[in-house]
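If you scroll down you'll find the structure; I have some questions about it.
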Number of protein chains: 2
Amino acid sequence: MPILSESRKKNRVTLLDVARYAGVSRATASLVIRKSPLVSTETRTKVEAAMKELGYVYNMGAARLRADRSLTIGVVIPNLVNPFFTELLAGIDRILDAAGMVVILVNSRDLVTRQEMLLTRMREHGVDGIILCPAAETEMSLVERMVEWELPLVQVLRRVSDDCDYAGVDYALGMRQAVDHLAGLGHRDIAFALHGPVHSAYQERIDGFREAMDARGLDPGNIIRVPNQIAAIAEAAPLFVSGTSRSSAVVCFNDVVALGLSAGLYDLGMTIGRDFSLVGFDDVADAEAMRPRLTSVATFPEAIGEGAARLLLDRLDKPDLAPRKLVNAPQLHIRQSSTFWQGSVGGRTKNAG
Amino acid sequence: MPILSESRKKNRVTLLDVARYAGVSRATASLVIRKSPLVSTETRTKVEAAMKELGYVYNMGAARLRADRSLTIGVVIPNLVNPFFTELLAGIDRILDAAGMVVILVNSRDLVTRQEMLLTRMREHGVDGIILCPAAETEMSLVERMVEWELPLVQVLRRVSDDCDYAGVDYALGMRQAVDHLAGLGHRDIAFALHGPVHSAYQERIDGFREAMDARGLDPGNIIRVPNQIAAIAEAAPLFVSGTSRSSAVVCFNDVVALGLSAGLYDLGMTIGRDFSLVGFDDVADAEAMRPRLTSVATFPEAIGEGAARLLLDRLDKPDLAPRKLVNAPQLHIRQSSTFWQGSVGGRTKNAG
DNA sequence: GCGACCATTTAGATCGATCTAATTCGGTTG
DNA sequence: CAACCGAATTAGATCGATCTAAATGGTCGC
């Protein structure tokens, strides 16, 4: 069942055609393409002219079969619509593109079985390596299996095994920055708003929050899960400002949560940056456009993508390198959504709580 | 210069190994893989067992060389960080993935020469077809050349040639919806805020705005270009509310512009949905999360992506189909950012202007 | 004049699948 | 009993490049 038209496969210009036209052998023409220094300038120009003349198109498929290299990298992302992953992807693409490689992009939708299927598909396509942001609940054995297959692999953002390269963020440091900032402004009742699937980055942020609160002598018990859909997050806002868990500030799992809570607090008639403080995480482009502007811990997804891509290129070069870790330091961007605690909202201290 | 380790290419399990192990010929094993009905159930199970036993991985590269089909589609996008394109991509991916195909994603960054290079690269990789959102200022000849190459092509969102499939949006209708809505609310001085590179969708939106205003007897002269960076858009807000071009409502080129202007108007102390009306375009996920909620013309990027992918699959099936157009009707989502004109801002009518 | 040596070029095998054109074989038919 | 059939299987050519190992041709030293 040939999907393509017959005409396509016919009269295709091959290297042999080029070689004949230029009056050299197939082997020489091949050397010219690969920019080998072995050929004389004279024949090189002759062959290049022939290629242009005949409209020759290099056939990577054939080359890959023989040379076992496809100039193709598989990128597995759990989510395409979150701007964070998009920026990550942009970073990956920038570096790989510059290296003449091409990205095969797939979306695991955070489903492990789907991820498994996609990884097989990539192997079948003969990718030279894979950049993987593991789906939630990915088991360590997956990565071990891939190492066994000798398929170069870089984990990004989430980590399931230490036997393999990883590019990510120092989430604990980011949380410390957020908490220290709010504590410095006088806040004592600081909540943490979470959502999304559970994975290493999720856990690291929670742990980071707890440690940072503990270090400040504050109660880290106020950790609340909010819905995943952005519109629904707004409706969860009352959880933070009323009842026993009332707080004066929230550290958000990411900017999506911050945006949602910001909307919800607005609906409650509260003014962010006056009645309540909000700190986002990731600092995606919209944080700067929010009003009031969102204080956020920048994690530089594009830079992480670039780092991951570079790790992979290095590994392709030297497959026997020991596993490396690239842990980016985040950076707090202070804007208008976080301000001094003025006590006007009423509060709950660790002792009184 | 072999990039890959020696060990990788050695001891790879091939179809021949599988065949030998199962006690059949290479040809039969090939038939089993391709799920041909020609083989008996008995040998099928035998071969499948052998594949599992040996850990066989199908080599698409080799198959493609012979069969001239790669199950690979090139997708060329001008911008990776705009959420609109991401949703589009998600739609494309959903359909192609279900068809067992894989996306090779590249980013033209709206540069024609880069786009040219990338298209060549895709051809070299032997993609079965291409979904292209043409970079600004792409010439018609590009598409014609691709048709000549017999490389199945679908244009998406932007159109440079009628000789080729296209999936997009009825921008004129969307503009009419936006303008009619605002006019119905009593607004007479309606501006249009533009940005970004110039392409067919850009032009169609402008034309649509003009026609819709004309049809209502309103002056469509107030078309203003704002910066491209979202943070800078906010600073352009004064252009709309002061000076001779003062208006009471703005139709925005897309939601990014709307978000930026919303921030800028906030900075000027104005309240959207009371002092001023704003209508966005595209209705990406954040529109629902803005406060006040953004009235926006939904263009359903994910559906467009799905449509484009389906057009391409159809064309792979029947290369000689006449070029088709899939023009989605947008849909106005009325929320809080647009309200009755209360005359409190002062105004300028067509006659008075 | 002969071998050594360098730079350049090349013939032919090869990668791992698919495709074509048989071949095999048990069973039926005239 | 030969001819024929359909279902199942297969040998061998093939896709378009790369790689290996060897050939070619010219220059140089001795």
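What you see below is based on every heavy atom in this structure, not just the backbone, and it leaves out hydrogens, waters and symmetry mates. Proteins come first, then strands; the chains are lettered A, B, ... in the order of their sequence lines, and each starts at number 1.
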Whole angstroms only, please: what is the CZ-C1' distance between B/Arg64 and D/dT14?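 Checked: the CZ to C1' distance equals 17 Å.
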
A/Met60 CE to C/dG16 C1': how many Å, rounded?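 It is 16 Å, rounded to the nearest whole Å.
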
Nucleotide of C/dA17, D/dT18, D/dT10 approaching B/Leu15 most closely (side-chain heavy atoms):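 Nucleotide nearest to B/Leu15's side chain: C/dA17.
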
For atom CG of A/Leu16 and atom P of D/dT18, their distance in whole Å: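 Those two atoms, CG and P, are 13 Å apart.
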
What is the separation between atom CG on A/Leu31 and atom P on D/dT18, rounded to the nearest whole Å?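 Result: 9 Å.
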
Of all the choices, C/dT10, D/dA13, D/dA17, which nucleotide is nearest to the side chain of B/Arg66 once you look at every atom?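 Shortest atom-to-atom distance from the side chain points to D/dA13.
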
Describe the nucleic acid contact of B/Ala27 in one word from base, sugar-phosphate, nothing, applying a heavy-atom distance below 4.0 Å.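 B/Ala27: base contact, heavy atoms under 4.0 Å.
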
Write down the distance between NE2 (A/His125) and P (C/dA17), rounded to a whole number of angstrom.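 Result: 14 Å.
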
Whole angstrom is fine here: how far is it from CG in B/Asp68 over to C1' in C/dT20?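 So the CG-C1' distance, B/Asp68 to C/dT20, works out to 17 Å.
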
Note: A/Glu48-A/Lys35 ion pair, threshold 4.0 Å (strictly below):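 So A/Glu48 does not pair with A/Lys35 through a salt bridge.
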
Using a 4.0 Å heavy-atom cut-off across all strands, classify B/Ser40 as base, sugar-phosphate, or nothing.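 Touches sugar-phosphate only.
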
If we count only N and O atoms by modelled type, under 3.5 Å, do the side chains of A/Ser30 and A/Arg34 hold a donor and an acceptor together?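 Yes, A/Arg34 and A/Ser30 have a side-chain donor paired with an acceptor closer than 3.5 Å.
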
Tell me the interatomic distance from B/Glu124, atom CD, to D/dA17, atom C1', rounded to whole angstroms.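 Rounded to whole Å, this separation is 13 Å.
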
Taking CZ from A/Arg69 and P from C/dC15, how many angstroms apart are they, rounded to a whole number?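 About 17 Å, once rounded to whole Å.
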
Name of the residue among B/Val160, B/Leu142, B/Val75 meeting side-chain contact (heavy atoms from CB on, under 4.5 Å) with B/Leu132: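 Testing each of B/Val160, B/Leu142, B/Val75 against B/Leu132, the sole residue satisfying side-chain contact (heavy atoms from CB on, under 4.5 Å) is B/Leu142.
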
Where each residue is assigned the nucleotide of DNA chain D containing its nearest heavy atom, which of B/Thr43 and B/Ala62 is assigned the position nearer the 5′ end?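 The residue whose closest nucleotide sits nearer the 5' end is B/Thr43.
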
Base, sugar-phosphate, or nothing for A/Thr14, non-hydrogen atoms under 4.0 angstrom?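 Counting heavy atoms under 4.0 Å across all strands, the contact made by A/Thr14 is with sugar-phosphate only.
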
Hey, does A/Arg26 reach any base, or is it just sugar-phosphate, or nothing, if we go heavy atoms under 4.0 Å?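 Here A/Arg26 touches the bases of the nucleic acid.
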
Tell me which nucleotide among D/dT10, D/dA17, C/dC19 gets nearest to the side chain of A/Tyr58.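 Out of D/dT10, D/dA17, C/dC19, the nucleotide with an atom closest to A/Tyr58's side chain is D/dA17.
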
Given that B/Leu65 and B/Ala29 both sit by DNA chain D, which one's nearest nucleotide is further toward the 5' end?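 Looking at DNA chain D, the more 5' nearest nucleotide goes with B/Ala29.
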
